[in-house]
Amino acid sequence: MSAFLYAATRTPFGRFNGALAGVRPDDLAAAAITSTLARVPGLDPAAIEDVVWGNANGAGEDNRNVGRMAALLAGLPVEVPGTTVNRLCGSGLDAAMAASRTIETGDADVVLAGGVESMTRAPWVLPKPAKPFPAGDVTAVSTTLGWRLVNPRMPREWTVGLGEANELLGERLGISRERQDAFAARSHRLAHLAWESGFYDDLVAPVPGTGLVRDEGVRADSTPEKLAALAPAFRPPEQGGTITAGNASPLSDGASALLLGSERAAAAIGADPVARVAGRGVAALEPRDFGYAPVEAAERALARAGIGWDRVGAVELNEAFAVQALACIDGWGVDPALVNRKGGALAIGHPLGASGGRVLATLAGVLRETGERYGVAAICIGVGQGLAVVLENCAEQGGTR
């Protein structure tokens with residue numbers, strides 16, 4: 001049995017402290033669920049057999065199984081169960097992969113997947129003291145991004161910051177600042193063109209009450225020359241720093257949702273499927289090399305789909321950092337023009353738990369627009385992991401197989 005993607009939407013992605021800052025993550029997730037189900041009005045929500053949701057933080061308002069909370073807030077019947085998965089930046093894609101496996105095994109015919117993150121609203125946390133009323137100072141730790149409360153048994157080289165990890169990656173692979181800035185400017189240009197052309201109109205639905213209708217971080221006037229003027233954020237220039245606020249993905253808020261089902265679920269859903277999940281891959285390596293992990297993950301997904309790169313017509317790779325994206329493109333040896341035709345996270349934003357759903361839905365949209373048969377969605381994950389999914393375009397095949 002195969003799993004198919006039937007419908008997908010996401011919220012616009014908001015800037016850190018931007019237009020979505022006042023919206024709780026569980027409400028963001030509920031908004032994505034509501035807009036996705038609006039695309040399939042013939043589906044009885046009671047037919048949804050599970051909700052699988054991705055979230056990387058879980059330390060604040062997204063605690064206590066945000067997937068279940070979002071389903072309830074979206075008005076799904078209380079009998080519809082829900083779970084939350086955490087594979088950091090890959091959580092949304094991991095949720096979709098888990099949902100597709102559930103369908104392939106026959107355990108369910110209709111599953112709602114997705115992910116959410118409000119990096120703005122991520123709380124500060126205090127370590128709980130072993131004894132009451134400690135005499136010394138206690139430091140509040142931000143849970144917005146990256147390592148926190150690190151186990152001292154972890155080797156120091158594994159726990160370097162995300163920026164420094166990618167400086168090391170770029171240094172090892174010889175990826176210049178100029179290439180990174182050019183790639184970042186391309187991301188903004190293509191995202192702007194995609195919005196102007198109407199590509200995202202069916203994939204993005206506003207969050208009620210916010211007034212935000214487009215991704216907040218896209219800068220239509222971005223150029224390599226403007227980006228070149230920005231100072232490195234993690235290393236000073238004299239120490240070879242190349243990563244800036246312009247060629248790294250911004251902190252963001254947002255949610256995405258995906259409706260997956262079996263072939264026989266088409267009648268209940270009341271729609272034809274958009275794409276088939278043809279292969280999945282997960283890979284891991286040294287934690288500090290996490291940016292390169294999608295290379296092997298995609299190779300494994302392609303092998304399970306029974307195809308090679310010569311049959312891939314589109315790639316959606318989450319752009320955590322320009323250097324990381326370029327490293328993966330070089331590692332795959334693919335035509336860069338196939339990658340992120342509609343812009344990427346450098347422009348659109350990277351709300352951690354929501355990005356996997358974004359890349360998968362965008363890939364399906366690109367396949368539908370271009371008529372290409374196969375595409376790859378991939379994402380890097382902190383602590384040295386990567387995920388990838390191969391989609392097969394149902395429209396190109398005249399429906400389900």
Side-chain angles (χ1 to χ4, degrees), residues 15-17 88-89 119 122 124 139-150 152 154-189 191 217-252 285-295 317-331 336 339-340 343-350 352 379-386:
R15 291 177 179 171
F16 189 77
N17 286 325
L88 300 181
C89 301
M119 300 179 81
W124 293 277
T139 302
V141 179
S142 172
T143 64
T144 299
L145 180 68
W147 292 92
R148 80 261 334 213
L149 306 178
V150 179
M154 279 279 187
R156 181 171 295 181
E157 63 269 22
W158 284 1
T159 62
V160 297
L162 303 180
E164 175 60 18
N166 278 277
E167 288 283 17
L168 291 168
L169 181 66
E171 191 173 66
R172 176 163 61 87
L173 298 177
I175 298 173
S176 69
R177 165 76 184 269
E178 290 72 25
R179 280 190 74 194
Q180 295 176 54
D181 287 342
F183 187 81
R186 172 187 183 267
S187 184
H188 284 277
R189 176 174 58 83
V218 179
R219 298 187 298 275
D221 61 348
S222 183
T223 65
E225 293 74 23
K226 290 181 179 179
L227 293 171
L230 298 176
F234 304 103
R235 284 186 189 179
E238 60 271 18
Q239 294 181 16
T242 64
I243 299 175
T244 71
N247 60 36
S249 61
L251 305 179
S252 310
L285 34 62
E286 287 277 341
R288 65 183 175 188
D289 293 333
F290 73 93
Y292 202 68
V295 174
L317 170 64
N318 191 59
E319 301 165 353
F321 296 83
V323 66
Q324 164 268 321
L326 289 165
C328 291
I329 293 168
D330 292 349
V339 182
N340 297 355
L346 295 173
I348 293 168
H350 179 22
L352 308 178
I379 195 165
C380 71
I381 303 163
V383 202
Q385 297 191 85

Can you confirm whether more than 12 heavy atoms, excluding those of W158, are under 6.0 Å from its CH2 atom? no
R177 pairs by side chain to side chain contact (heavy atoms under 4.5 Å, CB included) with which of I243, T244, L227? T244
Any side-chain heavy-atom pair of L88 and F290 under 4.5 Å: no
Taking every heavy atom of G240 against every heavy atom of E167, the minimum-distance pair comes out as O-OE1, 3.9 Å
Can you give me the closest heavy-atom contact between N318 and A345, atom names plus distance? OD1-CB, 3.4 Å
Could you walk me through whether I329 and F183 pass the side chain to side chain contact (heavy atoms under 4.5 Å, CB included) test, one step at a time? CA-CA 11 Å; I329 293 168; F183 187 81; 3.8 Å; yes
Set of side-chain hydrogen bond (donor to acceptor under 3.5 Å, both in side chains) partners for N17, sequence neighbours left out: none
For S252 and G349, work out which heavy atoms get closest and say how close. OG-CA, 3.2 Å
For A245 versus A233, what's the shortest heavy-atom pair and its separation? N-CB, 4.5 Å
Mind checking the CG-SG spacing from L162 to C89? Nearest 0.5 Å is all I need. 7.0 Å
Main-chain N/O of R219 paired with H188 side-chain donor or acceptor, under 3.5 Å: yes
With rounding to the nearest 0.5 Å, note down the distance linking OH in Y292 to SG in C328. 7.5 Å
Check whether any side-chain N or O of K226 sits under 3.5 Å from a backbone N or O of A185 as a donor-acceptor pair, and report yes or no. no
Evaluate the side-chain proximity of D330 to L173: yes if any heavy-atom separation is below 4.5 Å, no if none is. no
Which atom pair, heavy atoms only, marks the closest approach of G170 to V323? CA-CG2, 3.4 Å
Looking only at atom types and distance, does a side-chain atom of N340 sit under 3.5 Å from a main-chain N or O of L317, one as donor and one as acceptor? yes
Taking salt bridge (Lys or Arg N to Asp or Glu O under 4.0 Å) as the cut-off, I'd like each qualifying pair that reaches into residues 229-239, sequence neighbours left out, listed once. E164-R235, E171-R235
Residues in side-chain hydrogen bond (donor to acceptor under 3.5 Å, both in side chains) with E157, at least two apart? none
What pair of heavy atoms forms the shortest contact from P232 to G241, and how long is it? CG-O, 3.4 Å
Supply the atom-to-atom distance D289 CG to C380 SG, rounded to the nearest 0.5 angstrom. 11.5 Å
Here the gap from N166 atom CG to R172 atom CZ, rounded to the nearest 0.5 Å, amounts to 10.5 Å
Are the side chain of Q324 and the backbone N or O of E319 linked by a donor-acceptor pair below 3.5 Å? no
Any chance you could measure T139, atom OG1, to W124, atom CH2, to the nearest 0.5 Å? 14.0 Å
How long is the gap from CG on L230 to CG on N247, to the nearest 0.5 Å? 8.0 Å
Tell me whether T242 contacts the main-chain N or O of S176 through its side chain, where contact means a donor paired with an acceptor under 3.5 Å. no
